[in-house]
Amino acid sequence: MSFDDLPVDVGVIYEGERVRGKDMFVELGGPKIEKKFELALARSMDEVEDERITIIGPDLKDMKEGSYNPFAILVEVAGNEIEPDLEGVIERRIHEYVNFIEGMMHLNQRYDIWIRLSKKSFEKGFNSLEYLGKVLIRLFKSEMSIIEKIQVTFITDAKELENRYDEAVNRYNERDARARGLKDEDVDTFYGCSLCQSFAPTHVCTITPQRYANCGAISWFDGRAAARVDPKGPLYEIPKGETIDDFRGEYTGVNQIYAEKSLGKVKEVSLYSAFEKPHTSCGCFEAIAFVIPEVDGLGIVHRDFKGEAVNGLTFSSMADTTAGGRQVPGFHGISIEYMRSTKFLQVDGGWERIVWIPEPIKKRVLEFIPEHVRDKIPTENDVTTISELKEFLKTHDHPVVNRWTELEAEEETAAQVATSEDGAVMVPGEFTAMVGGVGGGIEIIFKNARIYAEKVIIRRKVAGEKRK
Amino acid sequence: MREKLVISVSGKGGTGKTTFTALLSRVLLSKTKRSLLLVDADPVMNLPRALGVDISKSVGDIATEIRRKIDNGELPASAAKQDIFEGEIFESLVEGEQFDLLAMGRTEGEGCYCYVNRLLTQILDRLTSNYDITLMDMSAGLEHFSRRTNRNVDVLIIVIDSSRAAFEAAIRIRDLAKEVHIDFKRILVIANRVPESLIPLLSKGLEENGLDFIGTVPEDDKIAELNYLGKPIFELPDSSPSLNAVTEIAEGIGLLDEVTMMKLLGIE
């Protein structure tokens with residue numbers, strides 16, 4: 001691809017170039033102009049006249065030096081494989097390609113675009129948007145082979161821009177709505193984040209369309225953008241691999257990355273469970289889903305919650321149990337955004353398993369809590385102790401109450417085992433016990449153990465009670 | 001793109017980092033034609049006033065706001081935050097005739113800033129690569145060092161006064177710089193408002209600790225006056241003793257001459 005017919009250079013080396021205020025010839029869009037936009041549209045083949053460049057309004061050479069101008073870029077593409085879902089990706093390339101031009105700066109996106117042309121490049125002869133159109137068309141066609149036809153329109157006329165503005169904004173809104181509806185099943189790449197590995201060496205954050213990073217800051221779209229800019233950086237692609245179980249969120253690709261990055265410490269993960277092979281937790285999570293064994297449910301407590309949660313423990317004391325990049329069944333670091341996901345802890349029962357949540361968080365995610373349990377989940381304003389919680393759940397007929405009878409039945413069988421044979425308890429396979437009650441922080445794992453005892457007493461310590 | 005120089009000014013609080021940064025800016029602007037980015041990395045943000053610049057928003061304000069919008073789910077679902085953040089930071093850049101200035105400020109509020117800080121590092125790296133010289137007024141604390149990446153050629157200037165604490169801080173800063181693996185091309189020490197009679201002793205002490213002592217800025221009543229009145233350093237008369245001293249220091253470092261500057265950048 002050649003740009004010899006252009007008055008300025010085009011190339012990757014100009015990416016990151018900023019045109020300073022005192023060096024600029026004109027500004028297009030930017031904070032001083034109220035309305036501006038860039039938009040990529042998927043069209044049918046007959047709607048696009050290939051390589052046509054249209055300029056509506058004054059061209060660069062008609063603009064006053066040092067002026068700020070209304071600006072819109074419309075890139076219309078067509079091709080057999082072109083579909084509306086690709087518009088966002090294509091549109092983002094405009095940013096990249098404009099920045100390849102010597103003396104041109106492009107910042108932001110959508111209705112915030114901010115472009116500057118340097119005096120130097122203008123003086124070299126870059127005095128028409130025709131050139132910009134040529135660059136865009138050539139780069140798009142050479143880098144995205146699915147684009148068969150492309151036409152570019154620049155609008156610098158305020159009135160014309162105004163006419164088309166709402167249509168653009170509607171398009172962005174539609175796209176965001178689609179993005180919110182994007183499912184883990186729809187993509188074949190997740191993103192991993194190792195930003196927290198300095199605190200939690202075995203932690204890998206798996207970021208999927210339906211599972212935000214634990215810190216609540218990084219979406220799947222952020223992951224995609226970061227991995228593209230810096231593929232060897234702390235945010236990288238995780239090829240999903242084969243789906244082992246899509247309900248549980250188990251994928252060979254995720255497991256493989258875990259095994260690699262945690263140096264073998266963590267080998268398997270169920271993305272949507274707090275109990276079974278849970279996703280690891282760094283130290284940055286926004287909230288903790290914690291088990292309340294007395295009611296066989298999960299409570300949620302967030303970082304800003306002052307005071308004790310319903311189990312008598314504070315966020316920070318539970319955070320110590322949760323953090324560090326381990327898989328701690330029943331203590332699971334999560335983001336607020338994840339609570340808005342339809343996959344939210346679905347293996348464990350999702351919202352039907354949540355039995356306590358602080359009021360501020362409940363308010364923030366209220367519309368994402370299924371209606372039939374919305375009023376059945378108490379906050380700190382409803383209950384403050386486990387016994388109050390039990391009572392509340394019972395009187396409000398919370399779905400976990402159904403689990404209680406099952407639980408009691410299981411306990412009975414367990415008791416029978418204990419009295420069998422010669423008094424020794426055979427524990428087949430692996431047996432995990434949480435010692436010290438909820439949040440005690442010690443986990444004992446017996447592997448094929450044989451335990452002899454005359455008498456075994458295991459009792460739960462109630463918060464505040466002294467050891468006897 | 002060409003090699004760029006990043007000069008960080010550090011030292012114990014109250015030793016005169018900001019005044020020295022302002023003086024050095026003025027010298028660079030009057031004696032060279034190089035483009036200059038000033039970064040006030042001290043959350044107290046004194047540098048803008050010393051240069052007579054108004055700041056409407058700091059980077060910290062923007063980061064806090066981004067974090068808040070993230071928490072409330074107010075950002076567009078399919079837009080990448082790194083792009084939004086970069087645009088806003090560029091908007092907060094104060095663009096002057098002679099130099100540009102970015103005030104870092106501080107972030108407020110809880111929540112995790114790992115990701116936001118990571119974006120910040122990338123954005124700042126990209127921004128600084130657009131200027132011949134970036135001059136950073138650091139905070140008294142040392143945490144900023146660990147946040148930087150060292151793509152640029154760095155010079156670290158540590159400002160000390162006649163106190164023992166300032167001297168010890170200088171040694172700590174040097175050690176820390178090594179620990180976080182920032183490959184400073186040079187680490188230099190400036191003595192600010194140190195009595196003439198103390199210089200030989202101070203110089204010896206620095207030498208014994210392997211620190212490169214590059215010059216002294218004398219007490220200057222005129223600066224005290226400007227400070228009190230809240231007036232910028234540009235009102236200082238050309239003949240001021242402090243300005244002369246900083247000119248000499250800049251020359252000593254090699255900032256004022258094309259040949260020595262190339263050498264400093266490692267371009268032979």
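Lettering of chains follows the sequences in order, A, B, ..., and the numbering in each one begins at 1. Values in this document were obtained by computation on a predicted structure and should not be read as measured data.
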Would you say the side chain of B:Phe90 lies within less than 4.5 Å of the side chain of A:Asn108, judging by non-hydrogen atoms?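 No; the side chains remain at least 4.5 Å from each other.
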
Under a 4.5 Å cut-off applied to non-hydrogen side-chain atoms, are A:Leu107 and B:Glu86 in contact?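 Result yes, sub-4.5 Å side-chain heavy-atom pair found.
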
Determine, step by step, whether A:Arg364 and B:Glu74 satisfy the salt bridge (charged side-chain N to carboxylate O under 4.0 Å, His left out) criterion, reporting the C-alpha distance in whole Å, the side-chain angles of both residues, the deciding distance to 0.1 Å, and the verdict. CA-CA 12 Å; A:Arg364 260 159 75 178; B:Glu74 287 172 20; over 6 Å; no

Chain B heavy atoms under 4.5 Å from [X]: which part of the residue, side chain, backbone, both or neither?
X        : value
A:Met105 : side chain
A:Phe285 : neither
A:Arg340 : side chain
A:Arg303 : both
A:Ala213 : neither
A:Leu182 : neither

Closest contact, heavy atoms only, [X] versus [Y]:
X       : Y       : answer
A:Lys22 : B:Gly96 : CD-O, 4.1 Å
A:Pro31 : B:Glu91 : CB-OE2, 3.5 Å
B:Gln98 : A:Arg20 : O-NH2, 4.0 Å

Distance in Å, [X] [atom1] paired with [Y] [atom2], rounded so as to fall on 0.5 Å steps:
X        : Y        : atom1 : atom2 : answer
A:Cys193 : B:Arg118 : SG    : CZ    : 9.0 Å
A:Ser335 : B:Ile70  : OG    : CD1   : 11.0 Å
A:Cys284 : B:Tyr115 : SG    : OH    : 13.5 Å

Are more than 12 heavy atoms, taken from residues, nucleotides or ligands other than [X], located less than 6.0 Å from that residue's [atom1] atom?
X        : atom1 : value
B:Glu235 : CD    : yes
B:Glu97  : CD    : no
A:Lys119 : NZ    : yes
B:Asp54  : CG    : no
B:Arg49  : CZ    : no
A:Lys306 : NZ    : yes
B:Arg106 : CZ    : no

Looking at A:Tyr111, A:Phe221, A:Tyr172, which one forms a side chain to side chain contact (heavy atoms under 4.5 Å, CB included) with B:Pro76?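 With B:Pro76 as partner, A:Tyr111, A:Phe221, A:Tyr172 yield a single side chain to side chain contact (heavy atoms under 4.5 Å, CB included), made by A:Tyr111.
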
Out of [options], return the one with the most heavy atom pairs under 4.5 angstrom to chain B.
options                      : result
A:Ala177, A:Gly283, A:Ala225 : A:Ala225
A:Arg180, A:Arg175, A:Gln109 : A:Gln109
A:Gly30, A:Ala179, A:Cys282  : A:Ala179

Does any heavy atom of chain A fall under 4.5 Å from the side chain of B:Gln122, the backbone, both, or neither of them?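 Just the side chain, heavy atoms under 4.5 Å.
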
B:Glu95 and A:Arg18 ion-paired at < 4.0 Å: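 The answer is no: the pair does not qualify as a salt bridge.
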
Using a 4.5 Å heavy-atom cutoff, which residues in residues 77-85 of chain B come close to chain A?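 Within residues 77-85 of chain B, the residues that come under 4.5 Å of chain A (heavy atoms only) are B:Ala77, B:Ser78, B:Ala79, B:Ala80, B:Lys81, B:Gln82, B:Asp83, B:Ile84.
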
